[in-house]
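Just below is one structure, and these are the notes that go with it.
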There are 2 protein chains.
Amino acid sequence: MNIGDVASRSGLPAKTIRYYEDIGLIKPHRSANGYRCFAETDLHKLAFLGRARALGFTIEDCRTLMALYEDESRASADVKQLAQEHLAKIEAKIADLQAMRDTLGELVKGCAGDSRPDCPILKDLSGKG
Amino acid sequence: MNIGDVASRSGLPAKTIRYYEDIGLIKPHRSANGYRCFAETDLHKLAFLGRARALGFTIEDCRTLMALYEDESRASADVKQLAQEHLAKIEAKIADLQAMRDTLGELVKGCAGDSRPDCPILKDLSGKG
DNA sequence: TATGAGGGTTCCTGTCAGTGGAAGGTCAAG
DNA sequence: CTTGACCTTCCACTGACAGGAACCCTCATA
């Protein structure tokens, strides 16, 4: 398979696939003309990466997850720990964003949104005043 | 005031303050020795920026908000619209993260986390199979 | 007077995970 | 033979700073 084929089959942009090769996540062979030549296992790895990234794992996490996946003698505890740590980060980020949403929501609600200059949003940003 | 003073009084790192000057958000004067020389208004602007950034507004949003703040003839509708658009982005991000959290939470829950290799997390990432 | 500590300055590089684009090689169809 | 779709590499850019090098300024102390 050429890169265009794996791109459409994996759902990842060709640029991203080249990047993943660049950083050593995949190692496709090369055809005589220099084109990347992907096997089914490469496609499978890319799909794995795509799903892991969609769950918000960092590239380094993905590297670790792939290594665990390929290690038949892994302990599921290692996978679980990585996932739990990631989960905790996600939850922290959600909490941060919810706090922003709550504050901002209140401010927006209190703003007339008309042609006059008085605005509780700016008032708050300027230090309540 | 020197940069260290405004840093501690605004809560922003000196590096960030220099960066904000670099991109034109603030324009402190200079003393004879070349040091930045901050007035109270600069401090006030930095505090404004700090609060806007804490609410997740982008730097460009902050630029716009500062301009609106300084424009006595602004319409609060413009502020409100900016804030509402930002709010919508925050809510979208929260929804994304919640979807991740839900999926990942399920997977983590189903993982034994012991010394054996069987792992629903890896199974899911590899395409359910 | 020398020295050291603790400010300040600029400039360059790195972060993260790609994206955009230029310049050029390769291949199948018309 | 040419067109157009594909592929290649390489370089620059993103946002919002952080880290660090190399150097300057000021003050207190030995």
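Excluded from the calculations below are hydrogen atoms, water molecules and symmetry mates; all remaining heavy atoms, backbone and side chain alike, are included. Quick note on labels: first sequence line is chain A, next is B, and so on, each numbered from 1.
For D:dG15, its base never sits under 3.5 Å from the side chain of B:Tyr19 at any donor and acceptor pair.
For the pair A:Ile3 CD1 and D:dT8 P, the interatomic distance rounds to 5 Å; values are reported in whole Å.
Electrostatic pairing of A:Arg116 and A:Asp114 counts as a salt bridge here, judged by a charged N lying under 4.0 Å from a carboxylate O.
Within the 4.0 Å cut-off from OP1 or OP2 of C:dC27, at least one side-chain nitrogen or oxygen of A:Asn33 is found. For the OP1/OP2 pair of D:dA16 and a distance below 4.0 Å, the side-chain nitrogens and oxygens of B:Tyr20 include no atom meeting the criterion. The side chain of B:Arg53 contributes an N or O atom lying less than 4.0 Å from OP1 or OP2 of D:dC17.
If you find the closest nucleotide of DNA chain D to B:Glu60 and to B:Lys15, the one lying nearer the 5' end belongs to B:Glu60.
Considering only side-chain atoms of B:Thr58, the nucleotide from D:dA16, C:dT19, C:dT10 that sits closest is D:dA16. Listed nucleotides: C:dG18, C:dT10, C:dC27. Nearest to the side chain of B:Arg36: C:dT10. You'll find that the side chain of B:Arg30 is closest to C:dT10, out of C:dG18, C:dT10, D:dC25.
Screening B:Arg30, B:Lys27, B:Lys45 for a salt bridge (Lys or Arg N to Asp or Glu O under 4.0 Å) involving B:Glu21 leaves a single residue, B:Arg30.
Of all the residues in residues 82-102 of chain B, not one reaches under 4.0 Å from DNA chain C with any non-hydrogen atom.
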Only pairs under 3.5 Å count here: list side-chain donor-acceptor contacts from residues 60-68 of chain B, not counting sequence neighbours, and write none if there are none.
{"residue": "B:Glu60", "atom": "OE1", "partner": "B:Arg63", "partner atom": "NE", "Å": "3.1"}
{"residue": "B:Glu60", "atom": "OE2", "partner": "B:Arg63", "partner atom": "NE", "Å": "3.3"}
{"residue": "B:Glu60", "atom": "OE2", "partner": "B:Arg63", "partner atom": "NH2", "Å": "3.3"}
{"residue": "B:Arg63", "atom": "NH1", "partner": "B:Ile23", "partner atom": "O", "Å": "2.9"}
{"residue": "B:Arg63", "atom": "NH2", "partner": "B:Ile23", "partner atom": "O", "Å": "3.1"}
{"residue": "B:Thr64", "atom": "OG1", "partner": "B:Glu60", "partner atom": "O", "Å": "3.1"}

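Using a distance-only test at 3.5 Å, with no hydrogens or angles considered, a donor-acceptor pair links the side chain of B:Arg74 to the main chain of B:Tyr69.
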